[in-house]
Amino acid sequence: MSHMIEARQLTKRYVNERTGREVLALDHVDFTIAAGEFLCLVGPSGCGKSTFLQMVAGLEQVTEGTLTINGKPIAGPGADRGMVFQSYALFPWRNVIENIRFGLEIKGLSKAEMNEIAHAAAHQVGLHGFEHAYPKELSGGMKQRVGIARALANDPPVLLMDEPFAALDAQTREMLQEELLSLWQGANRTVLFVTHSVQEAVYLGSRIAIMTARPGRIKTVIDVGLQHPRDITAAAFGELMKPVYAALKEEVLKAAVSARALA
Amino acid sequence: MSDRPNTARVLALGALGVLLLIVVPWTLAVLSGVRPIILPSGWQLLDAADFLMRTDVLLHSTWVSLVRVNLGFLLAVVTAVPLGIVLGRSPLLFAAFEPVVESFRFVIPFAWIPLAILWFGTSEFGKLFIIWYAGFFVLLLPTIEAVQGIDKDLIAAARTLGATRWTIFWRVAFPAIVPDLLLAMRVAFAVCWIAILAAELVASRAGLGYMITDARELLQTEVVIIGMVVIGCIGAIYNALFIRLQRLVQY
Ligand SMILES: Nc1ncnc2c1ncn2[C@@H]1O[C@H](COP(=O)(O)OP(=O)(O)OP(=O)(O)O)[C@@H](O)[C@H]1O
Ligand SMILES: [Mg+2]
């Protein structure tokens, strides 16, 4: 089986341009994400989850080690990896269709092709009837639908999502989780999903990777053997949440201790 | 969003304001027997305006000042905005420029008159320099802040969608800062227009500022007041134009 994304001894150090101070965000991470899996990444705040995602996206440079996609080192962003942001990151001066179309404009498609793909993507995420609305006129849930459709319009084999539903209310979040799962199941897509919610991770993920407190490493990886659709009230579901929760709590406490030591 | 008030009511309220705040107190003062040299009556003002129109002095002065302020303002825009974009992007350059920028902006345009005369003599450059200077810093800092304030996720999103640097600049960064730029330009134009008086103190032979200074020396109070009214009205018109422009880009 081909490995979609592979990190070997991956290290990330940030250097503050102004002060010259260094932060070790990721420390020799070894990790493999298989093609087609839905991987959830959890860990204490500041452990480097976003950093890892941004390196996979090609937005941040690798400091040491290697990070490859299908065996090729990741050198920069590319249309083969779409990203969805917690802040939605929609262009406020573009309406829904124009936002979804952004990546297609860059590819240089014809207007007719662009509109066809953009409308299909809008339809797919339930934005029918909102094509000409501007971001400020949309609810949080609708905004994130645009964010997802914009990423999907490029038809990327890898979808990177950084706490995409964290700012949404519980009902909207459940609906979007549901829709995301059907989008994932329909296509052979790899999803890398960062969340702070253990329940969300167990509900969505094929595997859950738990990271250590900063500097981030992969602490453990847990296989979620449950079939979709999953029942969050089932006993088996609760049993699966326990080890994830325990491992996460241990690291959150460590992070708190080292924060107090610094203060 | 607040409801847009209806136009007729806004105009009526504005007229009432002019009446109560200016016309009534003025008329009372004139009726109480203030000497014309201190405060001329409305009729004397109209007389003087009529004279200024017939001799072409008023239109010519206005034209000269408008050309100057537009040129000076334009110079300020084409220098301050690109520099602001560069400084907004580079923390290192910004650190180098910050002390200079932060101190110069407290030196008002009037303070530059002696140097402007020494450097540029009676040429047009001296006047343009004062106006450029007035607008420059008012534009520079907001431009820097606008660039620094661009949502990083917008840039990241564009990059993950395959955008090049060029595309990111023109299709993401630029539209993102346009509303802030227009606001800064509105304020900067006002400051440039206010500085026209200072600029035309620099060995000038024409312009509204010159007209006012000249009339003061000749004790022509009516002309001074007419100059002030014209400056105020033109300022208000430009302000309204900029507000229109700003409305076009309210995302
Ligand atoms: N651009 C940057 N420059 C310097 N340090 C950074 C930068 N981005 C992140 N860091 C630091 O790297 C560490 C990891 O940050 P990261 O954002 O990846 O954490 P995270 O796991 O996503 O946290 P959270 O759960 O709060 O989102 C943190 O200590 C953070 O302060
Ligand atoms: Mg994060």
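So that the names make sense, note that chain A is the first sequence line, chain B the second, and so on, each numbered from 1. Please read all numbers here as calculations on a predicted model, not as lab measurements.
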Proximal component of Leu104(A), with respect to chain B [non-hydrogen, under 4.5 Å]: neither
Lys NZ or Arg CZ of Arg150(A) over Phe91(A) ring: under 6.0 Å, within 45°: yes
Check: Phe129(B) ring centroid to Trp112(B) ring centroid under 6.0 Å: yes
Trp132(B) and Phe136(B) aromatic ring geometry - parallel, tilted or perpendicular at 30°/60° bounds: tilted
Contact leader toward chain A among Val249(B), Ile155(B), Val172(B), where contacts are heavy-atom pairs under 4.5 Å: Val172(B)
Within 45° cone of Tyr14(A) ring axis and under 6.0 Å: Lys12(A) NZ or CZ: yes
Region of Phe102(A) in contact with chain B, defined by heavy-atom distances below 4.5 Å: side chain
